[in-house]
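See structure below.
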Amino acid sequence: MRRYFGRKLLVYGLTFFVAVTVNWMIPRFMPGDPVQSMLSRANVAQPAAVEAMRAHYTAMFGFDLPLWRQYLNFWGSLLRGDLGISIWLFPTPVTDVIVRAVPYTLGLLIPSILLSWVAGNRFGAFAARRKWLDNTVLPLGYVLTATPYMWLAILLAWAFGIVAGIFPVAGAYGYDLQPSLSGEFLGSLAQHWFLPFASLFLVAFGGWAIGMRNMIIYELEADYVNYLRALGAPMRLVRRYAFRNAILPQVTGLALQLGVLVAGALVTEIVFSYPGLGHLILQAIQNQDFFLLQGTFLFVVVGVLIANFVIDIAYVLVDPRTRTGMGGTA
């Protein structure tokens, strides 16, 4: 057990190092000058003042140093928990900007991931035993899982927001409200949350339903199922064993799909102008905010790695073969 998790931690540590390094490199290969972007927003007319401000901000953000020195300083600041100062929202620290956006992203991701996985697996297992339902679910599931998150989000916003006028299509709550625990604010929060959640849920639901439907059909034709039937085991018991075996690849699939789901959430936030990490990434790119872009990517990378590690632990708990292999038993 210790060696297994030791190897996993080593792999995740190397992945973190490479991902953070690439994360640091991406903004610096982007075209544009972040300091010039700040000066343009400041709208200073005097050339002398512009040059003085340019020199000040360049030295403040460390852009006057060689790239290798900037890279080492980045790691030193990161190990101290300092993600720098936002260029777009100067002088607000990047950590404060991200902390304000994280609850909105987690509020979309956690329910959509968990509910789509549970509902899709249950529905797919049920559809595999009902021919009329299978004929309906299979084509619908293929359509949903092949639909890009952004495209479905646009369709939902157009149909239920613009045409039907049922749900709002922008923001996290009404622009005339202030965050509070009042019923009016919470109701507005739920209304703005529903369409982004629905777009993520539906795409993921289709994929999990198809995967479980195929796995159940495969398991019901396995030798152990034929053996149980020959022994006269109740069909409910047979299906229970088939579901338990079919769920294992779905746990692995959840780990593999986490990055796709997170990317889908970021794109969906942009469509609905939802103030989460996706919205921050868009604003950071538009304003050439190196530090905010690094911080948001870093949070996404760390979140996906932690979630994958938790799924690895869950896989050990639900699959006795993994525990047997870790113990060295043949």
Side-chain angles (χ1 to χ4, degrees), residues 105-156 159-160 167 190 193-222 225 235-236 238-269 271-272 278 303-304 306-319:
T105 296
L106 293 182
L108 283 179
L109 276 176
I110 294 177
S112 61
I113 290 174
L114 296 181
L115 292 178
S116 65
W117 190 80
V118 173
N121 286 322
R122 289 292 180 182
F123 199 76
F126 186 73
R129 306 193 301 266
R130 300 292 188 274
K131 186 174 182 180
W132 66 270
L133 191 57
D134 185 31
N135 293 334
T136 305
V137 170
L138 191 61
L140 180 60
Y142 279 125
V143 170
L144 287 176
T145 193
T147 303
Y149 290 98
M150 181 176 64
W151 188 65
L152 182 59
I154 293 173
L155 286 181
L156 292 177
F160 295 99
F167 296 101
W193 168 85
F194 181 77
L195 286 184
F197 162 77
S199 64
L200 295 173
F201 173 84
L202 290 174
V203 174
F205 174 85
W208 298 130
I210 290 175
M212 178 53 72
R213 175 257 183 197
N214 294 337
M215 289 304 304
I216 286 292
I217 292 176
Y218 173 80
E219 291 295 333
L220 290 178
E221 296 177 354
V225 170
M235 196 60 192
R236 178 177 298 180
V238 173
R239 290 169 178 167
R240 184 183 304 170
Y241 275 106
F243 181 82
R244 289 176 60 181
N245 286 327
I247 200 68
L248 296 177
Q250 295 293 83
V251 174
T252 305
L254 179 60
L256 297 175
Q257 287 295 315
L258 273 176
V260 178
L261 290 170
V262 171
L266 301 182
V267 173
T268 301
E269 289 177 0
V271 172
F272 289 98
V304 171
I306 292 176
N308 273 273
F309 185 69
V310 171
I311 292 174
D312 280 338
I313 296 175
Y315 200 87
V316 172
L317 297 177
V318 300
D319 189 359

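On a predicted model such as this, the values are computed, not experimentally measured, just so you know.
Ring pair F160/F194: centre-to-centre distance not below 6.0 Å.
Of the inter-residue distances, the one linking L109 atom CG with L114 atom CG reads 10.0 Å to the nearest 0.5 angstrom. In this structure, CD1 in I217 is found 3.5 Å from CZ in R213, a value given to the nearest 0.5 Å. Rounded to the nearest 0.5 angstrom, M150 CE and L155 CG are separated by 11.0 Å. Expressed to the nearest 0.5 Å, how far CD1 of I113 lies from CH2 of W208 amounts to 9.5 Å.
Between S116 and F205, the shortest heavy-atom contact is CB-N, 3.8 Å. Contact record, S199 with T268: OG-CG2, 3.3 Å, taken as the closest heavy-atom pair. Closest heavy-atom contact between L108 and S112: O-OG, 2.7 Å. Nearest heavy-atom pair, A242 versus L220, reported as atom, atom and distance to 0.1 Å: CB-CD2, 3.9 Å. Between M215 and A246 the shortest heavy-atom distance is CB-CB, 3.7 Å. Closest approach of P111 to L106, counting heavy atoms only: CD-O, 3.6 Å.
Side chains of V267 and W151 form no contact here, defined as non-hydrogen atoms less than 4.5 Å apart. Between F243 and M212, the closest side-chain pair of non-hydrogen atoms falls below 4.5 Å. Under the 4.5 Å side-chain criterion, counting only non-hydrogen atoms from C-beta, Y149 is not in contact with L266.
More than 12 heavy-atom neighbours from other residues, nucleotides or ligands sit within 6.0 angstrom of CZ on F309.
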